[in-house]
Amino acid sequence: MRLDPMHDFSQALVPVPSTPALARRSPGCRPVACGIGIAGLLSVTLFLAELPILSMLVIALVATSTLVIGSSVAFASWSQRPPRPVAVEAVSPGEAREAYRAILHSFAEVERAANEATRIHTTVGPALERSRAVVQRSGKMAMLANPLQRYLESHERNAIPLELDRLRIRTETSRDDAVVGALSRAAAARSHQLAIHDELIAMKSRICSRLELVRATLDAFAAAIVKLHVVDEEQAAVGSSSVVDDLDGIGEDLDALASALESDLAA
């Protein structure tokens, strides 16, 4: 199974122009052409039978119905295509962006290895589809680092303890109970902000570590595909326990990784 370059993860940022050749291959064109041909034959027949008005009605009804059906078929074919991955440039934080870029390259290597191993597509197919789903979730995960990065860049953590010290000094020097109460609540809010700030830093680190895990898993999967391919070409037992166990282990890793990503996205 060769990949459509329009949906190749390694070419996620390469624009593909719309060409007449692509349009001619559209699955909606064939039923449209057939319908128009049938409408033309019917109209000619009715016209020769001296029924011109009925002939015009047949042309209008059949042509309209054919266009609707053809458009529906074309849309159904388009909607079944795999979604394009998140663009690398859409990820703002440098660490997350580079990790996600590496994921796309790793998955491209997985696809290349799978395309070369033509005789074992049935064996690696399910794990390849799980890998594709993991890459899609990785893009969404990387995008979650954007709001974290914006906040962390605009709010310096070291400034918060300074604000706390300033509020405590004012509280200690004030003799007005109302002022003391307000400043105390302000200090509590600053303490809460500091705690949340640390949580945001931890969340960003967790996202980047998840992306690193995805990349490492995909690299291991690519190596497993190459191993299966070589074993198969050497006419060894492709269904031997060692090779199957290796692939099953990769599949289990991908399933666990996909579940972890879903949990993080739902959090």
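Values below: all heavy atoms of this structure, side chains included; hydrogens, waters and symmetry mates excluded.
- Between the CG atom of Leu104 and the CG atom of Leu218 there is a distance of 9.5 Å, given to the nearest 0.5 Å.
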Item to complete: Run the numbers on Leu200 and Met203 for side chain to side chain contact (heavy atoms under 4.5 Å, CB included), then give the verdict.
Response: CA-CA 5 Å; Leu200 297 182; Met203 291 173 66; 4.1 Å; yes
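- Linking Ile, Leu, Val, Met, Phe, Trp and Tyr residues whenever their side-chain heavy atoms come within less than 4.5 Å leaves Leu162 and Leu167 in two separate clusters.
- Nearest heavy-atom pair across Ile207 and Ala145 is CD1-N, 4.0 Å.
- A chain of hydrophobic side-chain contacts below 4.5 Å, direct or via other Ile, Leu, Val, Met, Phe, Trp or Tyr residues, connects Ile196 to Leu152.
- Put simply, the side chain of Asp198 reaches to within 4.5 Å of the side chain of Arg157, judged on heavy atoms.
- Of all the heavy atoms in Val91 and Tyr100, the pair that sits closest is CG2-CD2, 4.2 Å.
- Atom CZ of Arg190 and atom NE2 of His197 lie 11.5 Å apart (nearest 0.5 Å).
- Across every non-hydrogen atom of Asn146 and Ala90, the tightest pair is ND2-O, 2.8 Å.
- The CD atom of Glu199 lies 10.5 Å from the CG atom of Leu194; values are rounded to the nearest 0.5 Å.
- For the salt bridge (Lys or Arg N to Asp or Glu O under 4.0 Å) test, residues two or more places apart in sequence or in another chain that qualify with Glu98 are Arg101.
- When side chains are defined from C-beta on, Pro93 does not count as touching Leu148, because their heavy atoms never get closer than 4.5 Å.
- Side-chain contact between Arg132 and Val135 is absent, with no heavy atoms from C-beta onward closer than 4.5 Å.
- Looking only at side-chain heavy atoms (C-beta outward), Asp219 and Glu109 come within less than 4.5 Å of each other.
- Under the salt bridge (Lys or Arg N to Asp or Glu O under 4.0 Å) criterion, the residue pairs touching residues 166-181 are Glu163-Arg166, Asp165-Arg168, with sequence neighbours excluded.
- A salt bridge between Glu95 and Lys204 is absent, with no side-chain N of the basic residue lying under 4.0 Å from a carboxylate O of the acidic one.
- Closest approach of Leu164 to Ala187, counting heavy atoms only: CD2-O, 3.2 Å.
- Surrounding CZ of Arg97 are more than 12 heavy atoms belonging to other residues, nucleotides or ligands, all under 6.0 Å away.
- Taking both residues in full, the closest heavy atoms of Ala114 and Leu128 are given as CB-CD2, 4.1 Å, listed atom of the first, atom of the second, then distance.
- Inter-residue side-chain proximity for Val180 and Ser184 is flagged as met; some heavy-atom pair is nearer than 4.5 Å.
- Residues Ile103 and Leu211 approach most closely at CD1-O, 3.4 Å, considering heavy atoms.
- Residue pairs meeting the ring pair (Phe, Tyr, Trp, His ring centres under 6.0 Å) criterion with at least one member in residues 154-189, sequence neighbours excluded, are Tyr151-His155.
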